[in-house]
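Here is the naming used below: chain letters follow the sequence lines, and residue numbers restart at 1 for every chain. In what follows, every heavy atom counts, from backbone to side chain, and hydrogens, waters and symmetry copies are set aside. Fair warning: this is a prediction, and the values are worked out from it, not measured in the lab.
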There are 2 protein chains.
Amino acid sequence: MVTLAEVAQHAGVSASTVSYVLSGKRSISADTRQRVERSIAELGYHPNAGARALASSRSNIIALMIPLRTDMYMPVMMQIAIAVATTARAHGYDVLLLTGEEGPEAVRRVTGSGLAEAMIMMDVELHDERLPLLRSTDQPSVLIGLPADTSGLTCVDLDFTATGALCVEHLATFGHRDIAVVGEAPAVYERHTGFAERTLDGVRSRSRELGVRVLHRPCEGGYDAMSVTLARIFDERPVTTGFVVQNESAVEPLLALLRQQGRAVPEDVSVVAICPDELATQASLRLTSVAIPAQEMGRRAVELLVAKLKGCGTDEVVLLPPELTVRASSGPARAGES
Amino acid sequence: MVTLAEVAQHAGVSASTVSYVLSGKRSISADTRQRVERSIAELGYHPNAGARALASSRSNIIALMIPLRTDMYMPVMMQIAIAVATTARAHGYDVLLLTGEEGPEAVRRVTGSGLAEAMIMMDVELHDERLPLLRSTDQPSVLIGLPADTSGLTCVDLDFTATGALCVEHLATFGHRDIAVVGEAPAVYERHTGFAERTLDGVRSRSRELGVRVLHRPCEGGYDAMSVTLARIFDERPVTTGFVVQNESAVEPLLALLRQQGRAVPEDVSVVAICPDELATQASLRLTSVAIPAQEMGRRAVELLVAKLKGCGTDEVVLLPPELTVRASSGPARAGES
DNA sequence: ATGAAAGCGCTAACAA
DNA sequence: TTGTTAGCGCTTTCAT
């Protein structure tokens, strides 16, 4: 293993000079820099991460805590994780992957040991048990998702309240007066995951304003669950003509079932999905949808975190504005139908 | 920040004693251990990761290199990543997330700096450019996936050759003589990803043995691509009665299109999927499938790696045997139809 | 513009 | 069973 000292010797300079060439924290004559850089290349030197972390108390690692659960839509999680890793690297950081499994203890472990300098938490619940720890630490952190109380926290998320409202508006504009929300799995609501509840808030308040009736039904993914849910919806509100789906694994089943029941989309019923664009465009019908900007969320989270690490970051809640793209699954309600 | 020295002082013992209490590398009297543990708890001590790594030259970190591409099925990648992280933690390791973006350079960086002690690589190509580096390093590594030449490497993967063969056998048993393989996106084959090619090998050699005719068509995900692909298949081989699908995002489109064309599954055509069980059971039809044991693969990879780190590991190729579950999408071919 | 040297907090020989 | 101590490789202050 090549050490800094060996590089220094090889280049005929002192250790500190090599260090400074590497960090750029003080000016080096062009000549010296050249020699050092040549030695580094020639010897194949790589600074030791542990030593560096010890001496500088900066590990250049940020932790990313992802949910262990399988009821969250994996592709979105994955896209966020990849965006986080990519963006982090662009800023000189590596990413440590933590699963929610260890719970708050993981936060303590990683912070306490100085393994990671900062952390990004996904899948935040409204009253997340990890938040007190996060607030008490001086370690910078960013949440992807929005807890109930954001004071002292930095968060990034799609504005799900606005998203819910936007979906309702869209349907209302088309004359739909009775809409159903096909939501996430019951467990998601039971643990009070912010995004699901906020969407509902947005849907409900906007509906009230616009005089639209709303029926909300949580739904596990898959055909069987969707089939039961759909039956219940039409049973309770036969006049339903608009659907908002916030559950990726229910999207295709919903479309198939509607088709099967002879309800044409968008002629008889309209569907608006809240899902990644890839899903909306690859479904059996090009879906009118509000996109989930997974990449953007991951990227922004890292950027906020890096700003905090540099000391020029503030506690801030970044709500990405929803964008609804009209595709082939929504249209005017039949006159007088609802 | 609490240091080991402070703990030692507080407990009235030497630093090494505290260290040994922590590592369990030498016997400690019950009394001493107690005192030290109380001090640790009382002071809220957490060993410094950097210092530890420096002194012991073991970082307790393993790197996981995941593909950046979006043509791999995300949920499987995610499940593997989660299983890796979970299993690694159970063995005292943390996981560093690397994306393929940096390419071989990432391997060099992470190994060279001692950031990670070992690494797991996903999405291995048959002639992967990262392999030479892996072979030349003394750093333990495990591949998830199978390159062409596995000499000197440890690999874990589903036995895709056997998987392909198994699918054909199943269909042949039901009397299907003309089958089509709906494969991964063309790009997957173009970069010679092992699993896709091996499946095909298995399919072809078994077909030859059994006198089954095979048509293989790569296919991007989604309805549009599947629609084109399906049309071409029936165009070229109208007598096709069996399908093997190895592309998660083509599964549902295939079912929908067949239905739409009035071809009943499994009465007119049979479908066997190679996909995670969740997908097979949640599809619009319960699919006969060979499961992709994502979790198992992640777990095994870590276990092999940990064995290597302990010195008691060997270069070994672990091929998980495929398991085909018969569900509702496959059945006897119509007599004399093919 | 460069060097010397004191740690950073821990591990693991070596001693006792 | 426990203590003493010499590093691990780097950063950074203080000198020059």
Side-chain angles (χ1 to χ4, degrees), chain A residues 1-37 39-40 43-61 92 94 109-117 309, chain B residues 1-37 39-40 43-61 92 94 109-117 309:
Chain A
M1 188 209 188
V2 188
T3 70
L4 182 147
E6 296 174 298
V7 173
Q9 192 175 8
H10 185 272
V13 299
S14 73
S16 58
T17 299
V18 177
S19 176
Y20 284 119
V21 166
L22 253 25
S23 68
K25 286 188 182 172
R26 79 180 184 192
S27 47
I28 303 284
S29 74
D31 175 59
T32 307
R33 151 167 292 117
Q34 292 249 319
R35 288 217 315 289
V36 170
E37 279 168 351
S39 297
I40 288 178
L43 301 178
Y45 168 70
H46 282 276
N48 180 284
R52 203 167 237 196
L54 176 57
S56 67
S57 35
R58 308 202 328 97
S59 66
N60 277 291
I61 290 179
D94 270 295
R109 185 172 60 82
V110 167
T111 8
S113 67
L115 217 195
E117 302 177 40
L309 282 166
Chain B
M1 188 209 187
V2 188
T3 70
L4 182 146
E6 295 174 302
V7 174
Q9 190 177 7
H10 184 273
V13 299
S14 74
S16 59
T17 298
V18 177
S19 176
Y20 284 119
V21 166
L22 252 27
S23 69
K25 286 188 181 171
R26 79 181 183 191
S27 47
I28 303 285
S29 74
D31 176 57
T32 309
R33 153 167 288 116
Q34 292 249 320
R35 287 217 315 289
V36 171
E37 280 168 350
S39 296
I40 289 178
L43 300 179
Y45 168 71
H46 283 276
N48 180 285
R52 200 169 240 191
L54 176 57
S56 66
S57 37
R58 307 202 328 98
S59 66
N60 277 290
I61 291 180
D94 270 295
R109 185 172 61 82
V110 166
T111 10
S113 66
L115 218 194
E117 301 178 41
L309 283 166

Per the side-chain hydrogen bond (donor to acceptor under 3.5 Å, both in side chains) rule, which among B:E6, B:Q9, B:H10 passes with B:S39?
-> B:H10
Out of C:dA13, C:dG9, C:dT2, which has the shortest distance to the side chain of B:A51?
-> C:dG9
Verify whether one side chain among B:S16 and B:S19 offers a donor that lies under 3.5 Å from an acceptor in the other.
-> no
For A:I28, which contact category applies under a 4.0 Å heavy-atom criterion: base, sugar-phosphate, or nothing?
-> sugar-phosphate
Under-3.5 Å donor-acceptor pair between B:S16 side chain and D:dT4 base = yes
Whole angstrom is fine here: how far is it from CG in B:L54 over to C1' in D:dG7?
-> 9 Å
At under 4.0 Å, does any side-chain N or O of A:S14 touch on OP1 or OP2 of C:dG3?
-> yes
Quick one: does A:R52 reach the base of C:dG9 with a side-chain donor-acceptor pair under 3.5 Å?
-> no
Whole-Å gap separating C1' (D:dT11) and NZ (A:K25) | 8 Å
Indicate, with a heavy-atom threshold strictly under 4.0 Å, whether B:V13 touches base, sugar-phosphate, or nothing.
-> sugar-phosphate
Figure out the CE/P separation between A:M1 and D:dG7, and round it to whole Å.
-> 17 Å
Report yes if at least one side-chain N or O of B:S57 is closer than 4.0 Å to OP1 or OP2 of C:dT11; otherwise report no.
-> no
Would you check if the side chain of B:E37 reaches a backbone N or O of B:Q34 as a donor-acceptor pair within less than 3.5 Å?
-> no
In terms of side-chain heavy atoms of B:A55, which of D:dG7, D:dG9, D:dT12 is nearest?
-> D:dG7
Inter-residue atom distance B:H46.NE2 - B:L4.CG, 0.5 Å rounding = 13.5 Å
Let me know the distance between OH of A:Y20 and C1' of D:dT11, rounded to the nearest Å.
-> 7 Å
Hey, is the side chain of A:T3 poking within less than 4.0 Å of OP1 or OP2 on D:dC8, counting only N and O atoms?
-> no
Look at the side chain of B:T17 against the base of D:dG3 and say whether a donor-acceptor pair falls under 3.5 Å; ignore hydrogens and angles.
-> no
Out of C:dA4, D:dT1, C:dT11, whichever nucleotide has its closest atom nearest the side chain of B:L4 = C:dT11
Which is true for B:T32 with a 4.0 Å heavy-atom rule: it touches a base, it touches only sugar-phosphate, or it touches nothing?
-> sugar-phosphate
